[in-house]
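All heavy atoms count here, side chains included; hydrogens, waters and symmetry mates do not.
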Amino acid sequence: MTKTPSLHSDVLIVGGGMAGGLLALLLADQGLAVRVLDGAAEPVWPEGAPALRVSTLNEASYWLLRHTGAWQYLNPQRVQPYRHMQVWDHDGTGEVNFDVTEAGAEALGWLLENDHIVAALYRAGTDRERLDWQCGAQVAAVRRTPEGWRVSAGDGDYSADLVVGADGARSLVREAAGIPGGPRDTGHHALVATIETERPHGGCARQVFLESGPLALLPLFNTAADTEEGTGDGRHCSIVWSGWPGFIEERLAEDDDAFARALNQATAEVLGPARPVSSRRVFPIQERHASSYRAPGLALVGDAAHVIHPLAGQGINLGFLDVGVLAEELARVHQAGLPLADPAALARYERRRRADNLLMQQAMRGFKMLFERREPALRWLRNTGLGMVDKLPPARRLFIEHALGRAGDLPQLARPCQSIMEP
């Protein structure tokens, strides 16, 4: 990953997070000169206790990381696959359980720290000679000129054939392009923390729907304490507790003992008594969806284009699919000798991704509304629905296909590759 002397590149990516980093690798592998401007410091490998910010990766995201070689740099001791899922209604009888054996997959998904993923992408980037990944390069301005887009960062004034905004929900690139993108308040805040449970999590991702909102218990890798005690599967979970702002703020203000009591009541001690072992952080949950994913000479990916409710853990998976589809469309025009910012290629990218992302966003909104309503008829409907999914094979297969990321218009690099699968 060597810095080129020119301030012009084929593709300039603003934002070096998970989506921006993956896109940089995919485009550099096409022989393109790629520059990443990232305001964050150089990524470092996480150590010690699990970080608070974690992501759930599905099978499609796994294959995208495998194809780039980034997966091989992950520390396997900090990667937690989950092979089971359990979803239930706290105030009813509805429950659904899934197992990896019926999915024909290695895992239903993987839990990783966000910083861990970014560090692996950055390390893989050092193998790409045409990739210039600049850390600590805070973007000050993005502007359109008669010659094209210009991006100012530090002492540099950069240009490219194509500028990609991968700079998060408050995207400066999106704003500069004049593309409306929300936000829409969901009425929920989310509390994140790490907890320790009495019994091992068994590699199972759990979610309970409460009157206040959904609470997810996501299995984490074995800690040093787990290893010393020989418990097998770890006893630490990352929780994402979504709910009304007042309710969540109450949970944040409680001491550890009071919070543990509220947590155990909410989960019915599904893994035995649990207690917090980290600080707690709260953030408002807002939805965003850009009115367009493109402008002349510019494209948006990931949170710069869309943000959904985290109740299904699909945010970064949708972003990775954006990246895979955009890279695929750019490969076509590059091989055909067309400009990278070819309007037809960017229109195909938007057409392939925007409708699917909007559908997922609306589905998550519908789930939230269905489970927070307390009317007896709706309670019967959702419990019956969960029971049907649990008992009907076609419904189970459909749910699993979507959870794994196998549904929809997948880019080729989000699919299994035989040469990678072979020993």
Side-chain angles (χ1 to χ4, degrees), residues 18 46 49-58 61 80 82 84-90 108-117 168-169 185-197 201 203-221 234-254 256 259-260 262-268 270-271 274-288 303 307-319 360-361 363-365 367-369 371-372 403:
M18 293 182 284
L52 285 182
R53 297 178 61 200
V54 301
S55 289
T56 306
L57 299 185
N58 63 19
S61 295
Q80 176 61 57
Y82 62 92
H84 318 277
M85 291 178 63
Q86 180 185 13
V87 180
W88 74 99
D89 186 349
H90 184 271
L108 294 176
W110 293 262
L111 266 295
L112 293 93
E113 299 151 296
N114 292 6
D115 291 344
H116 192 189
I117 299 171
D185 192 356
T186 66
H188 272 185
H189 284 188
L191 181 150
V192 296
T194 302
I195 64 170
E196 183 180 47
T197 59
H201 54 60
C204 180
R206 297 172 169 86
Q207 183 156 259
V208 53
F209 285 94
L210 307 161
E211 180 178 358
S212 56
L215 167 59
L217 292 84
L218 308 174
L220 291 173
F221 57 87
R235 294 181 296 111
H236 288 81
C237 293
S238 172
I239 66 167
V240 182
W241 196 340
S242 305
W244 308 314
F247 176 85
I248 293 299
E249 291 299 330
E250 288 178 7
R251 302 288 80 76
L252 179 65
E254 291 172 333
D256 284 353
F259 179 76
L263 176 67
N264 289 322
Q265 181 180 12
T267 62
V270 66
L271 292 174
R275 63 184 182 90
V277 292
S278 75
S279 61
R280 285 164 259 159
R281 291 182 57 188
V282 169
F283 56 90
I285 301 175
Q286 295 179 328
E287 291 180 352
R288 293 177 182 265
D303 285 356
V307 179
I308 69 171
H309 196 289
L311 69 88
Q314 289 300 307
I316 189 54
N317 295 304
L318 298 181
M360 179 64 76
Q361 185 179 69
M364 294 306 99
R365 189 182 303 167
F367 270 117
K368 170 186 173 293
M369 293 176 63
F371 279 90
E372 70 184 6

Parallel, tilted or perpendicular: which one describes the rings of Trp241 and Phe259, with boundaries at 30° and 60°? tilted
If we only count heavy atoms from C-beta on, is the His309 to Pro214 side-chain gap below 4.5 Å? yes
Kindly compute the distance separating CG (Leu220) from OG1 (Thr194), expressed to the nearest 0.5 Å. 6.0 Å
Does Glu250 form a side-chain contact (heavy atoms from CB on, under 4.5 Å) with Trp244? I'd like the steps, not just the answer. CA-CA 10 Å; Glu250 288 178 7; Trp244 308 314; over 6 Å; no
Going by heavy atoms in the side chains, are Arg206 and Trp88 under 4.5 Å from each other? yes
Heavy-atom closest pair, residues Pro219 and Ala205: CD-CA, 3.8 Å
Drop me the distance from Ile239's CD1 to Gln207's CD, to the nearest 0.5 angstrom. 12.0 Å
Decide yes or no for Glu113 and Val54: does some side-chain heavy atom of the first lie under 4.5 Å from some side-chain heavy atom of the second? yes
Within the 4.5 Å heavy-atom criterion, are Leu52 and Ser279 side-chain neighbours or not? yes
Checking Thr267 now: which residues fulfil side-chain hydrogen bond (donor to acceptor under 3.5 Å, both in side chains) with it, not counting sequence neighbours? none
Between His201 and Leu218, is any pair of side-chain heavy atoms under 4.5 Å apart? no
Is a donor on one side and an acceptor on the other found under 3.5 Å between the side chain of Thr186 and the backbone of His188? yes
Smallest separation among heavy atoms of Ile285 and Ala190, with atom names: CD1-CB, 3.6 Å
So, does Asn317 use its side chain to make a donor-acceptor pair with the main chain of Ser61 at under 3.5 Å? no
Pairwise side-chain contact, His84 with Gln86, heavy-atom cut-off 4.5 Å (strictly under): no
Output the distance between atom OG (Ser238) and atom CG (Leu112), rounded to the nearest 0.5 Å. 12.0 Å
Please name all residues satisfying salt bridge (Lys or Arg N to Asp or Glu O under 4.0 Å) with Arg275, sequence neighbours left out, ordered by chain then number. Glu196
If we ignore hydrogens and angles and just use 3.5 Å, is the side chain of Asn264 paired with the main-chain N or O of Ala274 as donor and acceptor? yes
Quick one: list whatever passes side-chain hydrogen bond (donor to acceptor under 3.5 Å, both in side chains) with Arg280, sequence neighbours left out. Asp256
Looking only at heavy atoms, which two atoms of Gly203 and Gln80 are closest? And how far apart? CA-NE2, 4.1 Å
Say you draw a straight line from CD1 of Ile316 to CG of Asn114; how long is it, rounded to the nearest 0.5 Å? 7.5 Å
Just how far is it from atom OG1 of Thr56 to atom CG of Leu111, taken to the nearest 0.5 Å? 4.5 Å
How about Glu249: does its CD atom have over 12 heavy atoms from other parts shown lying under 6.0 Å from it? yes
Look up atom CD1 in Ile195 and atom CG in Leu271, then write down how far apart they are to the nearest 0.5 Å. 7.5 Å
